[in-house]
Structures are given as C-alpha cells and as structure tokens.
There are 2 protein chains.
Amino acid sequence: MTSKGNTVNINTPKGAYHHGDLRSALIETGLKRLEQGSAESLSLRDIAREIGVSATAIYRHFPDKDSLLAALAAEGLAKLAREQKAAGMAGGKQGFAEMGRAYVRFAMRHPALFRLIYSSLPPTTDPACQNPEESPGWLLRQTVSDLAGPTASDAQRRTGVLRAWALVHGLAMLMLSGQIAAKDADKLIDEVISVDSLKLG
Amino acid sequence: MTSKGNTVNINTPKGAYHHGDLRSALIETGLKRLEQGSAESLSLRDIAREIGVSATAIYRHFPDKDSLLAALAAEGLAKLAREQKAAGMAGGKQGFAEMGRAYVRFAMRHPALFRLIYSSLPPTTDPACQNPEESPGWLLRQTVSDLAGPTASDAQRRTGVLRAWALVHGLAMLMLSGQIAAKDADKLIDEVISVDSLKLG
DNA sequence: TGAATTATGTTTACAGCACTAACATGACTT
DNA sequence: AAGTCATGTTAGTGCTGTAAACATAATTCA
C-alpha cells in the first residue's frame, strides 16, 4: 500500500525515498505476480508498470532480474519456514506430521513461489549456514532429532532428516507437476508421511 | 547429422523433406542445448541458427515454443524410463534399489531435461494413460508390487509406490537445487532408499 | 506427363523483453 | 547555501517469440 505522496512515507520503516519505498513495493508486487503465474512469465516491465514507475527504476535496487527473483525466493523461504514452525509447535509425532502437511500445503498454495525457492541456481540459502532458523532443513532436523530420541546415532538422525525432507519435497513436487492427483492431498500426505517410515529408532 | 544436400536424405527414416528432417533436427539440437543450460535460456532462434534454418521454419513443425519443449520433455521421459527399466532388470530388492539410483543419477546427469520433464504445465504424460511403459510411475508400480508380494493390499501397494516415487523424486530435486550435497549421491541414495522404509509388507 | 495441391521453408515485420548509458532531481551532509 | 549521493527518468540496443505474406519443393491426380 506504499503511499505515492511526494513527501516521505512514514509508514514504510526501512527506507522511504522520493517515490516511496520502491524496493518493498517491488517485492510485494513480485510476490503478487507469482501467485498469478509462473516465475518464467514474470516480467520486470510488468511489475514496474503495476507500481507506476519506469522500467529501469528497478535497477537502482536490484542489479538484474535474477536478483529480484532471489529476493522473492528468500521471502518465500522465510514464509515457508514460519508456517512450518507454527505447524510443528505441537511437537512429537503429531507436530512432525503437521510440519509435513504444512510443507506440502504451502507448495500447493504457492506453486510458482515454491518452485522458485528451489530453482534459484545459487542454492537459495545454504541451510546449514546463513539463516538457519529460516530453513526447512533446519526445522526438520530439530523435529526429527527430537523424535529419534537420545539413543539415536548421528547417522540415523541424518538419514531420518534426509528421508523426511525428500519425502515431503518429492510429494509436493509430484503434485505440482500433476503426476499425482492433488485432490486428496491431505489424505495422501498422511498415508505417505508416517513416522514409522522414517525408520528412526 | 542430417545431411543438407538438396536431394532427399535417405538416412532419416521418418520423413525427409526438401531441407532434411527438420523436426528430428530440432529435437536433437534442443536436447543438446538442454545439456548445456537451463530450459528457460533455450531459444528457438538459437536452435534454428545452429541447424542453419530460418527462425520461423520451426513453426511448420511446432505451433509454439511450449510444444517443442513438450516434445523434448517426452523424449526425456522415454529416455528416463528406458534407463530405469534397464537398471531394474535384476528384480527384487536389488533391482528396486538400482532403479532408484538410476532415477536420481538421470536427474544429476541431465538436470535441465529432468526439470523440464516435471514442469510442463499439462502433465507431461498421464502415467496411467498414454504410454504406460514409458512412465516412471508405471515402472515403479510394477517393481513395488513385486516386492510387496501377493499378500499386500491394494492400498499398501499404492502407498508403497507413492512413497518410493516421492522419495527418489524429492532426493533428486533437492540435489538439483543444491540443498543436498550431490557429491556422495550414490551413498545417500542407498541410505535413504532402503526397501524397509517403504513399509510394504 | 503435366497441372494442381500441399508441405515445407524464407523474408519481413512487430511488440515485448532485459538491460545500458546519459541525464534529472530530490534528499542528506556539511 | 553548496555539494554529493541516492533515486528516478528517457532514449536506445539487441535479443526474443510469433504472425503474415510469399516462394518452392514434393506429392497427388487429371
């Protein structure tokens, strides 16, 4: 809702310059466009048009299109992590299952964004390094570690995480590409993501 | 290697017209380009240039770019199915594991093609319908059914297939996007794709 | 065999794209 | 108030996918 007044916009916290907080507006509009179509069909000029700014203004905030896409992906990743975290709060087996459901549901609700997250050529964010708390991998690791219990070996935990992540990710991707009917998604998730299938203990 | 002579090219079986078998050349060159870069960076004009034909000649064989991409995806799918079939020939648990490895290895060897296969908006080929024998889903179903044995229920088989497919697909996708180190790919596959994890019987 | 038809290709043209260079202006610093 | 820097604009380049009109080789049929 970035105001277009000719004075500084007080509502936008980060930095508001002589035409509003363009950087945030770009991301906001970019995400909106991602909800409507694929990432490939997203056009810088179109985003600029929607905001009401010249096409080249974008380059004051992002060196090229890929950078904007990367920013959108980062935003999406954070959102996904937030939803996963909330879903897994219950903890234990139930929390774990809820986390899986949240992962797949996010993919179904934001297909283009989800695909974008996992297609930025430079690995979106190294799950181990940058912002650990905002990584699905990290969240999974925590939950799976909890489930495994203290007796589990490191290798067991590692395999458990990998298996769980691959399972939900594969399920999400296959549904997105229409290889698996997405109608009874929740039921499928429950069938497939049973804790026992992780062979933790 | 389609000859460019002004007489009919005898080597190309399907249909050879007054400038060679352009349709095959387009697919061949398209696949070659996919080995070198992503599907998004693939350009019709570039392909035409490489073949030595005008850019618009393509439209005599494909109504638009997406159609050519769909043809490339179909070609890739067939190739993947062929490799899976060969890998699974051993049968039993070992054949099943080999099939999984083949799936992931294919993805690693042909990242752009693999992604393309699972991103054509109209589901590449409905695994149940069109060319069943050329579908990874169908191949998996056979193998998993074998493993499950005669006592397994239909639901168990269905879940087993889903779980196996999601597992290898997710693993492949996560590796492609750099979320999982692809170095020790084969070891990871073996860790994750253990038959027991399918909970068949 | 020769004429008509169809399949395949070409040239030309257009609008949209990402991106660069040169310039303008508003905002912050001193 | 002057100068600098951050942020915008307009104009232009070369790429893209694709449509329209035209050309020619291959095939069909009288």
Side-chain angles (χ1 to χ4, degrees), chain A residues 2-10 12-27 29-30 33-34 36-72 116 120-121, chain B residues 2-30 33-34 36-72 116 120-121:
Chain A
T2 15
S3 100
K4 280 257 339 224
N6 36 6
T7 58
V8 168
N9 185 333
I10 326 173
T12 53
K14 198 98 192 248
Y17 303 98
H18 70 326
H19 276 81
D21 188 353
L22 185 50
R23 195 193 145 92
S24 305
L26 287 169
I27 291 182
T29 308
R33 281 282 184 272
L34 276 185
Q36 297 161 353
S38 73
E40 293 100 56
S41 72
L42 184 147
S43 134
L44 292 186
R45 294 173 101 99
D46 177 57
I47 293 179
R49 222 175 286 128
E50 162 114 357
I51 299 181
V53 89
S54 83
T56 54
I58 297 178
Y59 293 90
R60 297 295 152 188
H61 300 274
F62 299 97
D64 53 19
K65 189 180 183 178
D66 280 346
S67 299
L68 175 53
L69 289 179
L72 296 178
L116 178 64
S120 11
L121 300 193
Chain B
T2 14
S3 102
K4 280 256 339 221
N6 36 7
T7 57
V8 169
N9 184 336
I10 327 174
N11 288 329
T12 52
K14 197 101 190 247
Y17 304 98
H18 71 325
H19 275 81
D21 187 353
L22 184 52
R23 194 192 147 90
S24 305
L26 286 169
I27 291 181
E28 188 183 329
T29 308
R33 281 283 184 273
L34 275 185
Q36 298 161 353
S38 72
E40 293 100 55
S41 72
L42 184 148
S43 134
L44 292 185
R45 294 177 104 103
D46 177 57
I47 294 178
R49 223 174 287 130
E50 161 115 357
I51 299 181
V53 89
S54 82
T56 53
I58 296 177
Y59 292 88
R60 297 296 150 183
H61 300 275
F62 300 97
D64 54 18
K65 188 180 183 179
D66 281 347
S67 300
L68 174 53
L69 288 179
L72 295 178
L116 178 64
S120 10
L121 299 194

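Reminder, nothing fancy here: chain letters follow the sequence lines and each chain counts from 1.
- We find that CZ of A/Phe62 is positioned 16 Å from C1' of D/dG8, with the value rounded to whole Å.
- Closest to the side chain of A/Val53, out of C/dT8, D/dG8, C/dT20, is D/dG8.
- In terms of heavy atoms, A/Leu22 sits closest to A/Ala57 at CD2-CB, 3.9 Å.
- Closest approach to the B/Leu22 side chain among C/dG9, C/dC17, D/dT16 is made by C/dG9 (side chain taken as heavy atoms from C-beta onward).
- For the residue pair B/Ala39 and B/Leu116, the shortest heavy atom distance occurs at CB-CD1, 4.3 Å.
- As a whole-Å value, the separation of A/Ile47 CD1 from C/dA18 C1' is 12 Å.
- Residues A/Leu42 and A/Ile47 come closest through the heavy atom pair CD2-CD1, 3.6 Å.
- In terms of heavy atoms, A/Ser54 sits closest to A/Ala48 at O-CB, 3.8 Å.
- Atom CG in B/Asp64 sits about 5 Å away from atom P in D/dT18, given to the nearest Å.
- For B/Arg23 and C/dG9, the CZ to C1' distance is 17 Å, given to the nearest whole Å.
- Computed from coordinates, the B/Lys65 NZ to C/dC17 C1' distance equals 12 Å when rounded to whole Å.
- Taking every heavy atom of both residues into account, A/Phe62 and A/Leu26 meet most closely at CE1-CD1, 3.9 Å.
- The distance from atom CD1 of B/Ile58 to atom P of D/dG17 is 8 Å, rounded to the nearest whole Å.
- When the nucleotides D/dT16, C/dA18, D/dG8 are ranked by their closest atom to the side chain of B/Ser43, D/dT16 comes out on top.
- There is a side-chain donor-acceptor pair under 3.5 Å between B/Asp21 and B/Ser24.
- Between the CD1 atom of A/Ile51 and the C1' atom of D/dG8 there is a distance of 13 Å, rounded to whole Å.
- Of all the heavy atoms in B/Glu40 and B/Lys65, the pair that sits closest is O-NZ, 4.3 Å.
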Which pairs, protein N/O on one side and nucleotides 11-13 of chain C N/O on the other, fall under 3.5 Å?
| unit_1 | atom_1 | unit_2 | atom_2 | d |
| --- | --- | --- | --- | --- |
| C/dT11 | O4 | B/Thr56 | OG1 | 2.8 |

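- Contact between the side-chain N/O atoms of B/Arg60 and the OP1/OP2 oxygens of D/dA19 is not found at any separation under 4.0 Å.
- Regarding B/Leu68, its CG atom lies at a distance of 10 Å from the P atom of D/dT18, rounded to whole Å.
- Here B/His61 reaches the OP1 or OP2 of C/dG9: one of its side-chain N or O atoms lies under 4.0 Å away.
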